[in-house]
Every structure is written in C-alpha cells, then in structure tokens.
Amino acid sequence: MKQHETATNVAVIGAGTMGAGIAQVCAAAGHTVTLVDVSAEALERGRKSVAKGLEKLVHKGRLGEAERDASLERLTFTGDLAAVGGAAVVIEAVFEAIAVKREVWEKLSEVATPEALLASNTSSLSLTEIAAGVAHPERFCGLHFFNPVPVLPLVEVVRALQTGAGTLERAEAFVRGLGKTPIVCDDRPGFIVNRLLIPYLNDAVHALAEGVASAEAIDSAMKLGANMPIGPLALLDLVGLDVALAAAESLHSEFGDPKFRPHPLLRQMVRAGKLGRKTGEGFFQYS
C-alpha cells in the first residue's frame, strides 16, 4: 500500500469494528494512529482486529511483512482521551446514538487542537446536530467509512451546515491519501448509500418474516438474479443488526416515511443479542 505523502497524527475514537478498521487503514497509509476507547476489553479486541486485518493483507499479497510490522508500530492503544491532543485528524467512531456522540464531542472539543480536522463516522445521524456541540464546528464534517473498512473503497464526505469549504477539501485529500474514493454529499438522513440501502435490507427481512423463502434462498436469488456480490441478509449480518436497526430508526424518525420503519423481526433479533457476525449468529450461523 502506498503511504500518504504527508503522513500525520490521527486519533480514532472508538475501538469497535469501524474504529479498528479505520485505525488499520490509517496506519497502513503511513499515519501515526492513536486508537482511544474507555473500555480496556474493546481496546484489546481492537488491537487483535487490526493485527488480524493486516495479516490478511499479507496473506493476500497486498501488504509486505515489513509494511505490516511498520503499521503495527505506528499504532497506539489507550483509554486516555487526552491523547487526542496531538492529533491533526480526529475521527470519532463510537456507538450510533446522538446522545453518546454529543457527549464524546463535548469532551473532544476540550482536548483537540484548534487546527485539527474533526470528523464523525456516523452512518445516519445528523452531522449538523452533532456539530452544534463541537468547538470550531467549521472544521467538522462526516467521514462515513464502510464495513469492512480495509476492503470497501468508498468514504462519504458529509457536509454539515456548519462545515467550511476548506474543511471539505482537506477531508477529501485525507481520504484520497488512504487510497479511498471520497464522494461529497450534504447532510441529509442516510446520506447516499444508507438512504437507498436500508429500505432494501428491511424489505429482505419482511420477505423472510412473511415466509416468501428461506434466508438462503432470498440471498441466493439476489446474488444470482440481481448480480449482488452478497445477499441482503448476509449483508445485515456483516453490518451488524444493531447498526442497521439504529440506521433504520434514524431514517424513519427523520423522514416519517413507513418505508424506513424497521420490521419487528429485526428489532426482536437485536433484543435477543443475535447481531450477526460479531456475535456468531444473525440470520445465519458463524463459527
């Protein structure tokens, strides 16, 4: 992987699936990365996830062993939010709830440097609402990465109402330096991808619940008949049923359109803790 021409310090807040993936990509691009999480267990999972992700790239021939080792050396894992103070880029990837993100950004505003590029990885929440609680909101935007972060090339660069033009340019340049493709969009519910994707995924749950076909048959039909690389139910398992539910609820709340209303089966599975790949069970079983 080509290193970023202007490597810098990056802080990623949240060591979950998305945060670990973002940290991995940034480190592999040559940036010095600090991954921050208040949970020691989450940090350890994040550490293992990044190491496993880099090892996969080595096995696929996309990364040399020396590059893997150098990437790991550029990574620091900490529970201390004060470590964000030296970062030129701060990317928040915590739980998809507006109250949680607002609380985190209130604390980040106290420690981030006045020159830092500030970004949230939210997939469906209002960037404008989050920015309202951020110091220097003109330096704030959305950087919506997609799961799995090391694989998918798209990053939605989202313009909040407060975002400055220079911030967007800087964010686009940063994304390109990661080897990703930035696409700029305005702060509208679901941005581009989730606005179109969530109703499709939700319809697949409807079809399953109504007994149209089995989960395997529904997914096979969409792969073979619509040339989808992955079926909708398997994609829900990959994204995380809790993440998809939160996105659907946010879109339904914002638009008031019944097409965004999550099916009760999706909500029931989340309550049962069947969240997909990360828990070993969703619409399919995982070892």
Shortest non-hydrogen separation from [X] to [Y] and the atoms involved:
{"X": "Pro150", "Y": "Val25", "value": "CA-CG2, 3.7 Å"}
{"X": "Gly177", "Y": "Ala29", "value": "O-CB, 3.9 Å"}
{"X": "His263", "Y": "Ala209", "value": "CE1-CB, 3.3 Å"}
{"X": "Thr78", "Y": "Ala83", "value": "CG2-CB, 3.9 Å"}
{"X": "Leu75", "Y": "Ala27", "value": "CG-CB, 3.8 Å"}
{"X": "Gly30", "Y": "Ala7", "value": "O-CB, 3.2 Å"}

So how far is it from [X] [atom1] to [Y] [atom2], rounded to the nearest 0.5 Å?
{"X": "Arg267", "Y": "Leu245", "atom1": "CZ", "atom2": "CG", "value": "5.5 Å"}
{"X": "Thr34", "Y": "Leu81", "atom1": "OG1", "atom2": "CG", "value": "11.0 Å"}
{"X": "Phe191", "Y": "Leu197", "atom1": "CZ", "atom2": "CG", "value": "13.5 Å"}
{"X": "Leu127", "Y": "Glu156", "atom1": "CG", "atom2": "CD", "value": "10.5 Å"}
{"X": "Leu143", "Y": "Ile22", "atom1": "CG", "atom2": "CD1", "value": "8.0 Å"}
{"X": "Ile98", "Y": "Ile130", "atom1": "CD1", "atom2": "CD1", "value": "4.0 Å"}

Between the side chains of [Y] and [X], is the shortest nitrogen-to-carboxylate-oxygen separation below 4.0 Å, so that they form an ion pair?
{"X": "Lys101", "Y": "Glu129", "answer": "no"}
{"X": "Glu254", "Y": "Arg188", "answer": "no"}
{"X": "Asp203", "Y": "Lys259", "answer": "no"}
{"X": "Glu103", "Y": "Lys107", "answer": "yes"}

Polar side-chain atom of [X] near backbone of [Y] as donor-acceptor pair, under 3.5 Å:
{"X": "Asp242", "Y": "Val270", "answer": "no"}
{"X": "Arg176", "Y": "Pro182", "answer": "no"}
{"X": "Lys180", "Y": "Val149", "answer": "yes"}
{"X": "Arg139", "Y": "Ala116", "answer": "yes"}
{"X": "Glu96", "Y": "Ser123", "answer": "yes"}
{"X": "Asn121", "Y": "Phe145", "answer": "yes"}
{"X": "Glu92", "Y": "Val94", "answer": "yes"}
{"X": "Asp237", "Y": "Leu275", "answer": "no"}
{"X": "Asp186", "Y": "Val158", "answer": "no"}
{"X": "Glu67", "Y": "Gly64", "answer": "yes"}

### Message
Quick check on Glu55: does its CD atom have over 12 non-hydrogen neighbours (other residues, nucleotides or ligands) under 6.0 Å away?
### Response
yes
### Message
For the NZ atom on Lys274, are there more than 12 heavy atoms of other groups (residues, nucleotides or ligands in this structure) within a distance under 6.0 Å?
### Response
no
Should [X] and [Y] be regarded as members of a common hydrophobic cluster, given that ILVMFWY residues are connected when their side-chain heavy atoms come within less than 4.5 Å of each other, either directly or indirectly?
{"X": "Leu241", "Y": "Tyr200", "result": "yes"}
{"X": "Val239", "Y": "Leu154", "result": "yes"}
{"X": "Val184", "Y": "Leu161", "result": "no"}
{"X": "Met269", "Y": "Leu238", "result": "yes"}
{"X": "Leu35", "Y": "Val111", "result": "no"}

Can you find a heavy atom in the side chain of [X] that is under 4.5 Å from one in the side chain of [Y]?
{"X": "Pro232", "Y": "Asp219", "result": "yes"}
{"X": "Val205", "Y": "Leu233", "result": "yes"}
{"X": "Thr8", "Y": "Thr32", "result": "no"}
{"X": "Val33", "Y": "Thr76", "result": "no"}
{"X": "Val157", "Y": "Cys185", "result": "no"}
{"X": "Ile13", "Y": "Ile91", "result": "no"}
{"X": "Asn147", "Y": "Met18", "result": "yes"}
{"X": "Val89", "Y": "Phe174", "result": "yes"}

Going by atom types alone, do [X] and [Y] pair a side-chain donor with an acceptor below 3.5 Å?
{"X": "Asn194", "Y": "Ser124", "result": "no"}
{"X": "Thr163", "Y": "Glu138", "result": "no"}
{"X": "Ser71", "Y": "Gln24", "result": "no"}

### Task
Could you check Val243 against Lys278 for side-chain contact (heavy atoms from CB on, under 4.5 Å), going step by step and ending with a plain yes or no?
CA-CA 11 Å; Val243 175; Lys278 59 187 172 184; 4.0 Å; yes
### Task
Sequence neighbours left out, what passes side-chain hydrogen bond (donor to acceptor under 3.5 Å, both in side chains) with Glu44? Give chain and number order.
Arg47
### Message
Leu265 vs Phe283, test: side-chain contact (heavy atoms from CB on, under 4.5 Å). Steps then yes/no.
### Response
CA-CA 11 Å; Leu265 175 59; Phe283 291 106; 4.3 Å; yes
### Query
Between Trp105 and Phe140, what is the ring plane arrangement, given parallel below 30°, perpendicular above 60°, and tilted in between?
perpendicular
### Message
Using 30° and 60° as the class boundaries, would you call the ring planes of Phe284 and Tyr286 parallel, tilted or perpendicular?
### Response
perpendicular
### Task
Could you give me the CA-CA distance, side-chain angles and deciding distance for Phe146 and Val155, then say whether side-chain contact (heavy atoms from CB on, under 4.5 Å) is met?
CA-CA 7 Å; Phe146 290 79; Val155 178; over 6 Å; no
### Task
Evaluate side-chain contact (heavy atoms from CB on, under 4.5 Å) for Leu117 paired with Val90, printing each intermediate quantity in order.
CA-CA 6 Å; Leu117 171 66; Val90 179; over 6 Å; no
### Task
Using the test salt bridge (charged side-chain N to carboxylate O under 4.0 Å, His left out), find all partners of Arg195 that sit at least two apart in sequence or belong to another chain.
none
